[in-house]
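Worksheet for the structure shown next.
Everything numeric here is computed off the predicted structure, so don't read it as measured data. In what follows, chains carry the letters A, B, and so on, assigned in the order in which the sequence lines appear, proteins first and then strands, with residues in each chain numbered from 1. Only this structure's heavy atoms are used, side chains among them; waters, hydrogens and symmetry mates stay out.
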Amino acid sequence: MSDEEKIAAQPASEAEPVISIKGLRKVFRAGFWGRKVEALKGLDLDVRPNEIFGFLGPNGAGKTTTIKAILRLIYPSSGSIKLFGKPNNNVPIRGRIGFLPENPYFYDYLTAKEFMSFYGQLLSIGRAERAAKSKELLRMVGLEAKEDLQLRKFSKGMVQRVGLAQALLNDPDLVVLDEPMSGLDPLGRKEIRDVIVNLKKAGKTVFFSTHILPDVEMICDRVGIIREGRIVSVGTLDEILHAATQGVEVTVKGVKFSDLPAEGVANNVLRGDTLHITLDDASRVDNLIRVVLGKGGSVIEVSPRRESLESYFMRSFDAHEDKKEGAPQ
Amino acid sequence: MKILAIAWNTFRESIRDRILYNLLIFALLLIVSTVALQELTVATQQRVMVDLGLASISVFGTMMAIFLGIGLVYKEIDRRTIYTIVSKPVARRWFIVGKFIGQMITLAVNLVVMTAMLEAVIYSTLRVSDFAPLWAVGFLFLELMVLTSIAMLFSSFTTPTLSALFTLSFWVMGHLVADMRNFAKHSEKAVVIRTFDKLTRIIPDLDRFNLKALATYGQKMDPQTAIYTILLGLLYTAFFLTIAAIIFGRRDFK
C-alpha cells in the first residue's frame with residue numbers, strides 16, 4: 001500500500017493534517033509612514049487529507065494572505081505552518097503541492113507547450129514524461145489544440161485553465177487554488193468543479209478560496225470562514241448550517257388554515273390546493289400532523305428548512321458589522 | 001536543471017522582446033556607419049574604426065545590461081509570475097542565479113553579433129583582420145556582468161526607475177574611481193578625502209575593464225593584470241548577487 005493509500009485509508013479525523021496552521025499572524029507595513037496593518041490575527045486551521053476544503057471570506061479578510069503564507073510567498077510575523085507534518089520552509093515539500101494563484105499572469109511570450117515544459121523542468125520532471133504529462137493535462141483542461149499558441153493570445157478563462165494544468169504537473173498531493181472560479185462563465189466554473197472533484201477521487205487534498213458560495217455547497221467537504229484575519233467558523237456544511245436551521249416546512253392538503261393551530265407558525269402559503277406551513281420549531285411538527293390528520297387532511301411533505309451558505313454568510317457578516325457599530329469606540 | 005530552465009526562459013524572454021532588437025539594429029547601424037569615416041581619415045582609419053566600433057558596442061551593451069537588468073526581478077514580482085515559481089521546489093537564491101545567467105547569455109549573444117559586425121566592417125573596408133577588439137569585448141562582458149549584478153541588486157527591492165538611476169550612478173562613478181582617488185589625493189580638506197576614500201572603496205572600479213584604448217592601438221593587457229581583473233570582476237559580481245539573493249530571499253511577495 002502506498003503512502004497515499006495509507007493516508008486515504010485512515011479516517012479523516014485521525015490522519016495527520018495536510019495543512020496545519022497555528023496562531024498565524026501577519027503584520028504588514030503600509031503607506032509612507034509604515035503604518036502597521038495586521039492582516040492575520042492568530043489564525044488556526046487544519047486541513048485533513050483527501051478533503052475538499054473551501055476557504056471563504058469577504059474581500060480583505062485575509063484569504064490570499066493565508067494562502068501566500070502557506071506557500072511561503074510571504075513570511076509570518078508569528079505562528080507556525082506545517083505541510084504534511086513538516087514546517088513549510090522545507091523546499092522539497094513544495095514538490096508535493098500544486099498552486100494556482102488568483103488572477104494568474106504567466107509568461108505570455110511562451111506557447112502553452114513551452115509554458116508546461118518550463119514548469120516541468122522546475123519540478124525536475126524528465127523530458128519524455130514532461131511532454132506526455134503536458135499533453136495529457138492540456139487535453140484535460142481543453143487546450144490541447146492551442147498548445148502552440150502564445151499565452152498572450154489566450155482569453156482569461158484559457159489562462160486560468162492553463163494555470164490549473166501547471167498546478168497539476170507534479171501530480172500533487174495537495175492542490176491550493178486561490179479563487180479558481182473567478183472570472184469564469186458557468187461552463188468554465190463547472191469544469192473547474194469537476195477537476196476538483198476528480199482530484200479528491202484520486203486521493204488528493206484540495207484547498208481553495210472562493211467568493212462563489214453555491215460552488216462551495218456543491219463540492220466542499222468542509223469550509224472555513226475567515227473574517228478580519230481570524231477563522232470565525234470551520235466545519236462541515238452540516239455542522240455550520242445545522243445551527244442555522246430555520247424551522248420546518250410542512251406541506252398539507254385537504255384542510256384550511258383556520259383548522260390548524262396558529263402557535264409557532266412563521267409563515268403559510270396557499271398554492272393551489274396545497275398549504276405550505278413553516279413552523280419555527282421542529283417540536284411543533286407532531287402536533288400539527290395530528291391536527292391535519294384529525295381534520296381529514298393529508299401530509300404531503302415535511303422538510304427542515306436549512307439556510308443556504310450564502311444567506312448564512314451574509315447574515316453572520318451583517319451581525320458582525322452591527323456588533324462592531326454598537327461596540328464602544 | 002532548474003537554474004538552467006530559469007536561465008533559458010530569461011534568455012527566451014529577451015530574444016522575444018522587440019526593444020532588444022531595436023537596440024541591436026541601432027548598434028549595428030552605428031558600427032556600419034564607421035565606414036563613412038574612411039573618407040575623413042587616412043593613416044588611422046583602422047584605429048578610428050576600432051575606437052568608434054568598440055564605443056558603440058560598449059554603449060549599447062551597457063544600455064542592454066542596465067535596462068534589461070533592472071526588470072529581471074522587478075517584472076517577475078510586479079506581474080506576479082514569481083508566485084508560481086517560488087511555490088515550486090525552487091530555492092529563491094537559485095532563481096536569482098538563473099535570471100542572472102539568462103541575462104548574461106543574452107548579453108553574450110548580442111556582444112558576439114556586434115563584434116562580428118565590427119570585424120566584418122573592418123575586413124570589408126581595409127582587408128585586414130584585427131583581433132585586438134576581441135580582448136576589449138571580453139573585458140566589456142566582465143563589466144556588464146558586474147553592472148547586471150548591481151541592477152539585479154537594486155531591482156530586488158526597488159522600482160525600475162530608481163534601479164536604473166542607482167545603477168547608472170554606479171556606472172558613471174565606477175568609471176571615475178581613478179579620478180576620485182586622484183582628487184582625494186590632491187585635496188586638503190579632510191571631509192573630501194574621507195568621503196572620496198569611502199566612495200572609492202564601495203564603488204567597483206569599472207574602468208579596469210575598459211580596454212578600448214589598448215585595443216585601438218593594437219595592444220594587449222599583460223597576463224597578470226588580466227587574471228587579476230577577471231578575478232576582480234567575478235568577485236564584484238558574486239558580492240552584488242549574494243546581497244541581491246539575500247534581499248530577495250527575505251522579502252514578502254505581497
Counting N and O atoms only, with roles assigned by atom type, does the side chain of B:R80 sit under 3.5 Å from a partner on the main chain of A:P101, one being a donor and the other an acceptor?
no
Side chain to side chain contact (heavy atoms under 4.5 Å, CB included) partners of A:R25, counting only residues at least two apart
A:V27, A:E38, A:S77, A:S78
NZ of A:K22: more than 12 outside heavy atoms within 6.0 angstrom?
yes
What part of A:E102 lies closer than 4.5 angstrom to a heavy atom of chain B: side chain, backbone, both or neither?
backbone
Mind checking whether A:L123 and B:K88 have side chains closer than 4.5 Å, heavy atoms only?
yes
Closest non-hydrogen atoms of B:I85 and A:Y107, given as atom of the first, atom of the second and distance, are CD1-OH, 3.4 Å
Proximal to chain A - members of residues 64-79 of chain B, heavy-atom separation under 4.5 Å
B:E76, B:R79
Worked verdict on A:K68 versus B:Y83 for side chain to side chain contact (heavy atoms under 4.5 Å, CB included):
CA-CA 9 Å; A:K68 282 183 180 174; B:Y83 291 2; 3.0 Å; yes
Quick one: pull up CG in A:N88 and OG in B:S87 and give me the separation to the nearest 0.5 Å.
12.0 Å
State, without any angle test, whether A:Y109 and B:N9 hold a side-chain donor-acceptor pair at a distance under 3.5 Å.
yes
Checking heavy atoms, do the side chain of A:N90, its backbone, both or neither come under 4.5 Å from chain B?
neither
Under 4.5 Å, counting heavy-atom pairs only, tell me which of A:Q166, A:Q121, A:R94, A:E114 racks up the most with chain B.
A:R94
Between B:R12 and A:L110, does a side chain to side chain contact (heavy atoms under 4.5 Å, CB included) hold up when you go through it step by step?
CA-CA 9 Å; B:R12 194 158 42 185; A:L110 296 180; 3.4 Å; yes
Contact origin within B:I6 toward chain A - heavy atom pairs under 4.5 Å
both
Within residues 124-135 of chain A, which residues come under 4.5 Å of chain B, heavy atom to heavy atom?
A:S124, A:I125, A:R130
Whether over 12 other heavy atoms sit under 6.0 Å from A:K63 NZ:
yes
Locate the shortest heavy-atom distance separating A:F118 from B:A5; write the atom from each residue and the value.
CE1-O, 3.5 Å
Show the nearest heavy-atom pair for residues B:A91 and A:V91, with the distance to one decimal.
N-CG1, 4.2 Å
Taking all non-hydrogen atoms of both residues into account, name the closest pair between B:R92 and A:L73 and its distance.
NH2-O, 3.5 Å
B:T84 and A:Y119: side-chain donor and acceptor closer than 3.5 Å?
yes
Donor-acceptor contacts, no H, no angles, side chain residues 241-254 of chain B, under 3.5 Å, sequence neighbours left out:
{"residue": "B:T242", "atom": "OG1", "partner": "B:A238", "partner atom": "O", "Å": "2.5"}
{"residue": "B:R251", "atom": "NH1", "partner": "B:S156", "partner atom": "O", "Å": "3.0"}
{"residue": "B:D252", "atom": "OD1", "partner": "A:Y75", "partner atom": "N", "Å": "2.7"}
{"residue": "B:D252", "atom": "OD2", "partner": "A:K26", "partner atom": "NZ", "Å": "2.5"}

B:F239 atom CZ, over 12 foreign heavy atoms within 6.0 Å:
no
